[in-house]
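Only this structure's heavy atoms are used, side chains among them; waters, hydrogens and symmetry mates stay out. Indexing begins at 1, ligand by ligand and atom by atom, following the structure's order. The structure presented is a predicted model; accordingly, all values stated were derived computationally and were not measured.
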Amino acid sequence: MKIAIIGSGHVGLTTGICFAEKGHEVICVDHDTDKLARLRNGEVWFFEPKLPELLKKHHSSKRLRFTDSTAEAVKFASVIFICVGTPTGESGKADMRYVEKVARDIAETMTDYRLIVEKSTVPIMTGERVKSTILRYVRGDAHFDVASNPEFLREGSAIDDTLKPDRIVIGVDSAKAETLLREIYAPFEAPMVVTSIGSAELIKHASNSFLALKISFINWIARVCEQSGADVHEVARGMGLDARIGAAFLNAGIGYGGSCFPKDVEALAAISEELGVEAPLIRLISQINREQRERFFEAIQHELWVLQDKTIALWGLSFKPNTDDLREAPSLWLAQRLLKAGAKLRVHDPVAMPAFKRAISDVYFAKDPLDATSGADALVLCTEWPQYREVDLAKVKATLRVPLIFDGRNCLDRRQAEELGMTLIGVGKQRIGPRGKH
Ligand code: UGA
């Protein structure tokens, strides 16, 4: 099948490359000519495992090419996927200007039947808007269908999530659209859920908000654990073994970040309120998430008493492991609070330091994790990269001025910390080490 992808960001590029991998002929469009030049050179400007290798593979297979011309893509492809950004606009609602512009561009260049598929995360009822926009701007009587095919990939495992999805959701209102999408997805061997366009749009927002709800729920339980002496890992394990609950997304920590959960939860609340449905539960998801990082900062401040001139090592800057994405990363917020309180920071991340430097530069960028902890009054961990999980805490202790750790992801070896006589403060867990010792 000949496919066009409009918007070659994280979702668009991954989708295009995976379609090429499954044998389709793909053209990816982006208006950013610098990015296009890099892509044509086989370079990806963000960190995502397996993506560069597959990009190179499909340069060679000739099943993937890039252009800045939507008209060229519309001429080439019979199915067009809209994958442009929908950032948070005023009052928490998604800003739809890029989707609307793409719909107009497609309409103005379409001369015969095209299937236009929304893959960007869009508010419910966008399908209707895209359809009416195309109808308004289309020249002649070119027929078209609009469909919704929400994306469920996670950054850091985008390729595997796309090639082996749990499910494929397609929202359609014509048999022709369903047939075309079934043909595209036939090589993917995943269960297919066929719905109305409106249901498909809501499935995406409901899924992301539910996952965010699980995280905020366990983070709230973590607070109860801290006050009651219970352990959040034990509680989550006991809950998660119930097949109706499931163990995934019950890791307590300093809250979710990224370009999806914060935005999608806000957007679901905003749109449902606009529809006249109050959204207190959805609003609380975001509130608990914000509080989680504030509580973590307060715990650091409480323990260290005075932050002015304290040296703090910060491990893990990206919003989650295996990405260099800093959007809504708890580390950024925390770094700003610590700096404002007068602390000096020694930061480390396996891949996100260049991106962090563009946002905050008045910190020391460490060569490796132990360079960051060297001489520090405390270590603060924000992101559970594997190399931090596996670190030998004896080496960390030898470099720190004070053997004090705040583990925002509960991923460090608690037993070793105890044996070494260190103080370890996690989330929803009892502290290791006596109070007030350091
Ligand atoms: C999320 C969804 O998981 C994807 O299904 C969806 O396609 C994507 O949003 C999107 O809408 O595009 P992503 O934001 O890449 O994917 O990353 P996740 O793995 O979901 O993690 C999100 C945040 O939740 C991270 O900050 C992570 O640290 C946090 N998290 C996750 C927790 O705090 N606890 C957990 O148990 C799980």
Side-chain angles (χ1 to χ4, degrees), residues 7 9-15 46-49 83-88 94 118-123 149-162 164-169 201 203-222 232-233 235-237 239-240 245-268 285-286 288-290 292-293 296 316-334 352 381-385 388-389 407-411 426-428:
H10 223 114
V11 169
L13 189 59
T14 306
T15 306
F46 55 87
F47 180 83
E48 179 63 49
C83 298
V84 294
T86 52
T88 306
E118 355 149 13
K119 204 166 197 31
S120 306
T121 299
V122 293
N149 170 221
E151 180 51 62
F152 300 108
L153 66 81
R154 290 163 297 176
E155 290 186 27
S157 54
I159 293 291
D160 289 339
D161 287 349
T162 308
K164 292 182 221 106
D166 289 344
R167 81 298 204 187
I168 292 160
V169 174
E201 291 169 342
I203 285 169
K204 170 69 187 192
H205 270 99
S207 301
N208 270 6
S209 298
F210 190 77
L211 290 170
L213 170 71
K214 279 187 97 173
I215 298 169
S216 280
F217 183 85
I218 202 67
N219 281 337
W220 181 82
I221 290 288
V232 75
H233 266 155
V235 177
R237 185 171 148 69
M239 289 169 62
I245 296 173
F249 280 66
L250 287 180
N251 294 317
I254 50 174
Y256 58 76
S259 65
C260 307
F261 287 173
K263 170 170 80 85
D264 290 357
V265 171
E266 290 295 321
L268 180 60
I285 299 172
S286 308
I288 291 174
N289 198 55
R290 279 193 299 275
Q292 208 58 14
R293 52 188 75 169
F296 192 60
L317 306 174
S318 53
F319 83 96
K320 62 182 265 189
N322 288 320
T323 176
D324 59 354
D325 197 338
L326 283 169
R327 284 175 286 179
E328 302 286 331
S331 71
L332 272 180
W333 182 90
L334 194 65
L381 185 145
C382 287
T383 313
E384 68 280 28
W385 283 89
Y388 303 150
R389 279 182 184 281
D407 183 357
R409 299 289 174 184
N410 291 336
C411 69
V427 178

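Within the 4.0 Å heavy-atom shell around ligand 1 one does not find Gly258. The closest approach between a heavy atom of Gly253 and any atom of ligand 1 is not below 4.0 Å. Remark: distances from the non-hydrogen atoms of Arg409 to ligand 1 include one below 4.0 Å.
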Can Phe152 and Arg167 be said to form a side chain to side chain contact (heavy atoms under 4.5 Å, CB included), step by step?
CA-CA 9 Å; Phe152 300 108; Arg167 81 298 204 187; 3.3 Å; yes
Kindly indicate, with the supporting measurements, whether the criterion side chain to side chain contact (heavy atoms under 4.5 Å, CB included) is fulfilled by Lys263 and Asn208.
CA-CA 10 Å; Lys263 170 170 80 85; Asn208 270 6; over 6 Å; no
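Here the closest heavy-atom approach between residue Tyr256 and residue Pro262 is recorded as CE1-N, 3.7 Å. The two residues Arg409 and Gly255 come nearest to each other via the heavy atoms NH2-O, 3.1 Å. Looking at every heavy atom in both residues, Ala212 comes nearest to Val265 through CB-CG2, 3.7 Å.
Checking only distances, Val11 never comes within under 3.5 Å of ligand 1, N or O to N or O.
Of the candidates Asn322, Asn251, Asn289, it is Asn251 that places a heavy atom closest to atom 35 (C) of ligand 1. Considering Thr323, Ile215, Thr121 only, the shortest heavy-atom separation from atom 31 (C) of ligand 1 involves Ile215. Which of Glu155, Arg327, Gln292 comes nearest to atom 15 (O) of ligand 1 through a heavy atom is settled by distance: it is Glu155.
Ranking protein heavy atoms by distance to atom 37 (C) of ligand 1, first place goes to Phe249 CD2, 3.4 Å. Scanning the protein for heavy atoms near atom 5 (O) of ligand 1, the closest one is Phe152 O, 2.8 Å. The closest protein non-hydrogen atom to atom 1 (C) of ligand 1 is Phe261 CE2, 3.5 Å. Counting only heavy atoms of the protein, atom 19 (O) of ligand 1 lies nearest to Lys320 NZ, 2.8 Å. The nearest heavy-atom contact from the protein to atom 10 (C) of ligand 1 is Cys260 SG, 2.9 Å.
Comment: Glu118 does not engage Lys204 in a salt bridge, judged by the lack of any side-chain N to carboxylate O separation of less than 4.0 angstrom.
Of all atoms in ligand 1, numbered sequentially from 1 with element shown, those under 4.0 Å from a heavy atom of Lys204 are 6 (C), 7 (O), 10 (C), 11 (O), 12 (O). Annotation for ligand 1: atoms under 4.0 Å from non-hydrogen atoms of Tyr256 are 23 (C), 24 (O), 26 (O), 29 (C). Proximity to Glu151 (heavy-atom distance under 4.0 Å) selects the following atoms of ligand 1: 7 (O). The atoms of ligand 1 that sit less than 4.0 Å from any heavy atom of Asn208 are 2 (C), 6 (C), 9 (O), 10 (C), 11 (O).
Between Glu266 atom CD and Thr88 atom OG1 the span is 7.5 Å, to the nearest 0.5 Å. Atom CZ of Phe296 is separated from atom CG of Asp407 by 7.0 Å, given to the nearest 0.5 angstrom. Taking NZ of Lys214 as the start and CD1 of Ile245 as the end, the distance is 8.0 Å to the nearest 0.5 Å. A distance of 5.0 Å separates CE of Met239 from CD1 of Ile218, quoted to the nearest 0.5 Å.
For the pair Thr383/Pro321, a side-chain contact is recorded, criterion being any heavy-atom separation below 4.5 Å from C-beta on.
Within the 4.0 Å heavy-atom criterion, both parts of Arg154, backbone and side chain, lie near ligand 1. Residue Leu153 touches ligand 1 through its backbone alone, judged by heavy-atom distances below 4.0 Å.
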